[in-house]
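One structure below.
Along the sequence shown, the residues carry numbers beginning at 1.
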Amino acid sequence: MKIKALKGFKDIVPGEVELWQRVETVARDIFTRFNFSEIRMPILEKTELFARSIGEATDIVEKEMYTFVDKQITMRPEATASLLRAYVQHGLHVQKPIQRLFTIGPMFRHERPQKGRLRQFHQMDVEVIGASNPRVDAELMAMGAMLLEELGVTVTLELNSLGCPACRPGFRETLLAFIEDRYGSLCDDCMRRSTTNPLRVLDCKNHSCRVQVEEAPSIQEHLCQECSDHFSVVQAGLQQLGVSYSLNKFMVRGLDYYTRTTFEFITGDLGAQAAVGAGGRYDGLIEQLGGPKVPGVGFALGIERLVLLLQQKDGVETAQGEIDLFIAGLGEAASEFVFPLVHALRQKGLRAAMDYEGRSLKSQMKQANKAGARYVLIIGDNELEQGQAVLRDMQSQEQAEIAIDQNIIEMTQLLLQRIAKTDTC
Ligand code: ATP
Ligand code: MG
């Protein structure tokens, strides 16, 4: 019996991994342009960290966490809590009043696996800690939009404000009164939520609940003056940076720690898994985790969903590592000569490969083709004796002779460089 990977856990194999690398390279480049530094945290954390930050009455903490109950530790379901734990633990606020940090890695949630929804998935997460200025919120969203645009992924940005501890309770009451009248028509989840977390009723995916809350009051109209001013500057900032967005009064997010700005990057191309990224502001959270009283704002992009979008757009691009040079050694003496030559060329920075099975020239040429070799250097026992190897350009099929002497490494390198130059001209 073959052993398969767990349901919802996926291998990323050659052919697909190149798209992952592309996503991560573009992201790292953009994060660096926006002056973010990388941080890496462990995957296991104390369960309490997530219960305290994400919130006890959230889907993630109630039913999606992978927890070792006897040890009270949990595989992180998201990055923000761990990142803030590290920030507090290392006193990073002392080093710099504003920390701009990013991290890339796997997260774990026990959800129902489907397209774009896995149990181990990967996020690229960015956080700005220590800045309350609403322009920072706008800048972060603009950065997300820039990244997605650079990847060629089309999304819309949806924006809301969830207020703060001063104004949210008032809205909660108003909303509760609205919900009470419609209680009987809500789904079981929403009936339960309306006491623990009534705002979640607003973003229930159930069609009948959606119909019921269509006319629900908007939190945007119940913000206190400070939250309202903050929200106005966020929107003005987006306009200044040329980022289009739409307001969505139903977006409340599934994590309790958000205050004020919340946003999602939404695609129409992934069915139910519409969010490719999401985030917002969490001004009380760092203090709640035993840290200094500093504000924060951030978001995370899901790599699986981005890769799916790229695959849908480009078709699967499987430019699997083309190599510069394949050296076909024919016969025992030639193979013996080729073995250290390949190594020396790799030391010089070339992507080089050879055959180890003593195959025929025809079969080695096939191998070279499959590996996407740009050039093949043919060295047979005869060639070795005559002191001449043949370099074949696999695109033009032209051939040149190279002397087999102590300069062969330099000569090969030089020839390849020369041809590479004419390639790019
Ligand atoms: P969703 O509404 O799709 O469940 P979420 O609100 O739970 O998403 P967040 O916790 O905000 O997601 O995580 C940010 C991003 O991480 C999401 O926008 C999505 O791209 C990605 N993501 C979240 N959960 C998963 C998952 N189970 N599989 C793949 N990607 C995910
Ligand atoms: Mg979710």
Side-chain angles (χ1 to χ4, degrees), residues 5-10 41-85 105-123 125 162 172 175-176 179 183 185-210 212-213 250-258 262 264 266 270-280 282 285 288-289 298-305:
L6 296 171
K7 195 170 160 202
F9 289 71
K10 206 173 144 291
M41 300 84 63
I43 282 164
L44 275 176
E45 297 273 3
K46 290 191 179 145
T47 304
E48 190 198 347
L49 172 66
F50 305 114
R52 241 208 273 174
S53 55
I54 298 171
E56 300 272 9
T58 56
D59 284 354
I60 296 180
V61 173
E62 271 184 353
K63 44 188 187 201
E64 294 175 0
M65 295 207 302
Y66 282 91
T67 296
F68 298 84
V69 181
D70 55 338
K71 300 207 165 54
Q72 297 182 356
I73 53 179
T74 292
M75 293 170 78
R76 61 180 187 196
E78 57 112 44
T80 307
S82 302
L83 190 146
L84 296 182
R85 195 262 316 131
M107 310 294 153
F108 303 84
R109 294 183 197 173
H110 191 265
E111 305 195 65
R112 197 164 67 78
Q114 50 202 295
K115 184 179 168 193
R117 187 174 298 283
L118 288 120
R119 291 179 172 172
Q120 175 177 332
F121 62 99
H122 297 74
Q123 285 187 340
D125 181 78
L162 293 183
R172 193 175 182 273
L175 181 66
L176 263 177
I179 290 173
Y183 189 76
S185 319
L186 298 176
C187 72
D188 291 348
D189 262 353
C190 283
M191 285 188 190
R192 188 173 48 80
R193 277 182 196 139
S194 48
T195 48
T196 54
N197 202 349
L199 267 72
R200 285 311 308 265
V201 176
L202 290 176
D203 78 344
C204 180
K205 303 283 183 280
N206 197 308
H207 179 72
S208 60
C209 295
R210 283 193 171 194
Q212 290 303 321
V213 299
F250 300 107
M251 193 219 309
V252 299
R253 312 283 305 117
L255 305 94
D256 278 357
Y257 52 62
Y258 287 117
T262 51
E264 287 186 354
I266 301 288
L270 284 181
Q273 278 52 254
V276 297
Y282 45 81
L285 180 58
Q288 204 176 307
L289 292 174
F299 72 95
L301 293 163
I303 304 186
E304 280 78 1
R305 293 186 191 175

TODO: Using a 4.5 Å cut-off on heavy atoms from C-beta on, say whether the side chain of Leu162 contacts that of Val252.
DONE: yes

Open item on the list: Give me the atom names and distance for the closest heavy-atom approach of Val201 to Cys190.
Closed with: CG2-O, 3.8 Å

TODO: Could you check Gln288 against Leu84 for side-chain contact (heavy atoms from CB on, under 4.5 Å), going step by step and ending with a plain yes or no?
DONE: CA-CA 10 Å; Gln288 204 176 307; Leu84 296 182; over 6 Å; no

TODO: Would you name the heavy atoms of Arg109 and Phe121 that are closest together and state the gap between them?
DONE: NE-CZ, 3.5 Å

Task: Side-chain touch Thr67/Phe50, heavy atoms, less than 4.5 angstrom - done: no

Open item on the list: Looking at every heavy atom in both Pro77 and Met65, which two are closest together, and how far apart are they?
Closed with: CG-SD, 3.9 Å

Open item on the list: side-chain contact (heavy atoms from CB on, under 4.5 Å) for Thr80 and Asp125? Distances and angles first, verdict last.
Closed with: CA-CA 7 Å; Thr80 307; Asp125 181 78; 3.7 Å; yes

Open item on the list: I need the Phe68 CZ to Thr74 OG1 distance, nearest 0.5 Å.
Closed with: 8.5 Å

Task: Polar side-chain atom of Arg76 near backbone of Glu45 as donor-acceptor pair, under 3.5 Å - done: no

- [ ] Check Gln120, His122, Lys115 against Glu304 for a side chain to side chain donor-acceptor pair (under 3.5 Å) and give me the one that passes.
- [x] His122

Task: Heavy-atom closest contact (Cys187 atom, Cys209 atom, distance) - done: N-SG, 3.3 Å

Task: Asn197 side, atom CG; Asp256 side, atom CG - distance, nearest 0.5 Å - done: 5.0 Å

- [ ] Indicate the atoms forming the closest heavy-atom contact of Ile43 with Pro106, along with that distance.
- [x] CD1-CG, 3.8 Å

Task: Interatomic distance, Leu44 atom CG to Ser82 atom OG [nearest 0.5 angstrom] - done: 10.0 Å

Open item on the list: Main chain of Glu111, side chain of Arg119: is a donor-acceptor contact present, judged purely on distance under 3.5 Å?
Closed with: yes

Task: Point-to-point distance, once rounded to the nearest 0.5 Å, from CD of Glu264 to CE of Met251 - done: 5.0 Å

Open item on the list: Check this for me: Gln72, atom CD, are more than 12 non-hydrogen atoms of other residues, nucleotides or ligands nearer than 6.0 Å?
Closed with: no

Task: Flag if over 12 foreign heavy atoms under 6.0 Å of CZ, Phe9 - done: yes

Open item on the list: When you measure from the side chain of Arg172 to the backbone of Leu199, do you find a donor-acceptor pair of N or O atoms at a distance under 3.5 Å?
Closed with: no

Task: Inter-residue atom distance Leu176.CG - Tyr183.OH, 0.5 Å rounding - done: 10.5 Å

Task: Separation of Ile60 CD1 from Ser53 OG (nearest 0.5 Å) - done: 9.5 Å

Task: Any Ile54 side-chain heavy atom under 4.5 Å of Tyr257 side chain - done: yes

Task: For the student: nearest non-hydrogen atoms of Arg200 and Arg253, plus distance - done: CD-O, 3.6 Å

